[in-house]
Amino acid sequence: AEKKGRVEFRDVTFKYPGAEAPVLSNISFTAEPGKTLAIIGSTGAGKTTLVSLLPRLYDVASGDVLLDGVPVTKMDASEITSRVSAVPQKPYLFSGTIEHNLRFGKPEATDEELWDALETAQAKGFVEEKSSGLNRRIAQGGTNVSGGQRQRLSIARALVTKPNVYLFDDSFSALDVATDARLRKALKAKTRDATVIIVAQRVSTIADADEILVLDNGRIVDRGTHDELLETSPTYQEIVES
Ligand code: TTP
Ligand code: MG
């Protein structure tokens, strides 16, 4: 059977409600199952806006966002959420136990699946360190958990749902470089059939992606692999040197 989770943006333009100028213009790309697509660009370039169009937090002004050939505007919310897991730039945790937080997208998940996701997300040790384990309580807003742990729990939550498409919006930024590398290696092994889209600020996080889109001021200004962009993209070179 053909793998599921092909994402295609066709000439997408987007404006926030009430805004004059588009935040995204003429965005076209394809992300394939089994591959990692990365998006990099300076702050305000439109990365978060771009990834919010797939789960339909907003709808495009013109153009199409397609999932396996079907425009997402023709799919209902439950179908999209069962197939696409987005880890937001500001991950949210609910007041409740770690278990509640992890089961959010898939209530029927087994404990084994939860631990497996925690292991991949490099959060197993953190959950094991207290005897309450999965029953440990998270305060409202996740304030009793560090930023990096919040990111990792949020990544684990996405893994539990086993979607066709993962969107990681700057999800590795609060992690030290070694943990970031370990997490992405484990992630790669666990998401072989899925489409992975990673937004990042740090080049080391995306250097091994199959394709990198360089976003600047709402447009894709360059695209290619890390090595290709090092040769061809002044914008990418600037990010590497920063
Ligand atoms: P973002 O899409 O948030 O830019 P970014 O994700 O690339 O930036 P960062 O690296 O800091 O996360 O914003 C693009 C533009 O859209 C920016 O001018 C702010 C504007 N914007 C809104 O007007 N409303 C919104 O809800 C958001 C998220 C952004
Ligand atoms: Mg952002």
Side-chain angles (χ1 to χ4, degrees), residues 7-29 31 36-65 72-73 77 80-81 84-93 141-142 146-155 157-158 165-177 180 183-184 187 195-207 209 211-224 226 229 233-242:
V7 174
E8 189 181 354
F9 276 54
R10 271 190 208 153
D11 204 20
V12 165
T13 294
F14 175 77
K15 247 190 252 192
Y16 278 101
E20 301 250 306
V23 169
L24 296 172
S25 304
N26 308 109
I27 302 289
S28 295
F29 67 86
T36 299
L37 176 86
I39 302 166
I40 200 163
S42 57
T43 179
K47 305 179 297 296
T48 293
T49 305
L50 195 159
V51 294
S52 71
L53 298 176
L54 183 63
R56 289 193 64 192
L57 303 181
Y58 293 98
D59 282 334
V60 300
S62 68
D64 269 311
V65 176
V72 290
T73 47
I80 300 174
T81 42
V84 177
S85 263
V87 179
Q89 189 166 16
K90 288 213 176 69
Y92 52 89
L93 296 175
S146 80
Q149 283 150 352
R150 222 165 20 234
Q151 280 192 326
R152 281 178 270 177
L153 289 174
S154 181
I155 292 165
R157 175 198 281 154
V165 184
Y166 290 92
L167 299 177
F168 296 108
D169 188 354
D170 214 11
S171 303
F172 313 107
S173 58
L175 309 176
D176 60 79
V177 174
D180 176 5
L183 197 161
R184 282 179 302 99
L187 201 60
T195 302
V196 178
I197 299 179
I198 297 182
V199 170
Q201 308 258 12
R202 195 156 64 192
V203 167
S204 66
T205 303
I206 54 147
E211 187 179 24
I212 301 165
L213 308 179
V214 183
L215 206 64
D216 189 24
N217 204 8
R219 292 176 185 275
I220 298 173
V221 291
D222 292 302
R223 62 178 83 205
H226 173 73
L229 290 169
S233 171
T235 313
Y236 192 73
Q237 287 156 13
E238 246 172 62
I239 297 167
V240 171
E241 282 156 18
S242 65

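Worth knowing before you read on, the calculation uses all heavy atoms, side chains too, and leaves out hydrogens, waters and symmetry mates. For clarity, every value in this text was computed on a predicted model and none was experimentally measured. Just so you know, ligand 1 is whichever comes first in the structure, and atom 1 is the first atom listed for that ligand.
- Per-residue contacts place T49 under 4.0 angstrom from the following atoms of ligand 1 (heavy atoms of the residue considered): 1 (P), 2 (O), 13 (O), 14 (C).
- Using a cut-off of 4.0 Å between Lys/Arg side-chain N and Asp/Glu carboxylate O, R219 and D216 are scored as not salt-bridged.
- For the pair Q151 (side chain) and D170 (backbone), a donor-acceptor distance under 3.5 Å is present.
- Ligand-side atoms of ligand 1 in range of Q201: 10 (O), range being under 4.0 angstrom from any heavy atom.
- Taking atom 10 (O) of ligand 1 as the reference point, the nearest protein heavy-atom neighbour is K47 NZ, 2.7 Å.
- For atom 27 (C) of ligand 1, a protein non-hydrogen atom is found at a distance below 4.0 Å.
- In this structure a side-chain-to-backbone donor-acceptor pair under 3.5 Å is present from S146 to Q149.
- At distances below 3.5 Å, not a single donor-acceptor pair connects side-chain atoms of K47 with backbone N or O atoms of I40.
- The nearest non-hydrogen atom to atom 20 (C) of ligand 1, considering only Y16, F14, Y58, comes from Y16.
- Shortest non-hydrogen contact noted between T49 and Y16 is OG1-OH, 2.7 Å.
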What do the steps show when you test T48 against Q89 for side-chain hydrogen bond (donor to acceptor under 3.5 Å, both in side chains), and what is the final call?
CA-CA 8 Å; T48 293; Q89 189 166 16; 2.8 Å; yes

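- Taking backbone and side chain together, Q89 holds an N, O or S atom under 2.8 Å from the Mg ion (ligand 2).
- Put simply, no part of A19 is less than 4.0 Å from ligand 1, judged by heavy atoms.
- Residue contact check: T48 has heavy atoms under 4.0 Å from atoms 2 (O), 3 (O), 5 (P), 6 (O), 12 (O) of ligand 1.
- The nearest heavy-atom contact from the protein to atom 11 (O) of ligand 1 is T43 OG1, 2.5 Å.
- The protein heavy-atom contact nearest to atom 4 (O) of ligand 1 is G46 N, 3.3 Å.
- Of the protein's non-hydrogen atoms, G44 O, 4.3 Å is the one closest to atom 18 (O) of ligand 1.
- The number of heavy atoms from other shown groups lying within 6.0 Å of CG (D11) is above 12.
- For R157 (side chain) and L153 (main-chain N/O), no donor-acceptor pair under 3.5 Å exists by modelled atom type.
- Look at T49 and the Mg ion (ligand 2): no N/O/S atom of the residue is under 2.8 Å from the metal.
- At least one N or O atom of A45, backbone or side chain, sits closer than 3.5 Å to an N or O atom of ligand 1.
- Residue contacts with ligand 1 for V23 involve side-chain atoms from C-beta outward but no N, CA, C or O (heavy atoms, distance under 4.0 Å).
- Protein heavy atom at the shortest distance from atom 12 (O) of ligand 1 is Q89 NE2, 2.8 Å.
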Run the numbers on R202 and D180 for salt bridge (charged side-chain N to carboxylate O under 4.0 Å, His left out), then give the verdict.
CA-CA 11 Å; R202 195 156 64 192; D180 176 5; 2.8 Å; yes

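- Checking side-chain atoms of R223 against main-chain N and O of V214 turns up no donor-acceptor pair under 3.5 Å.
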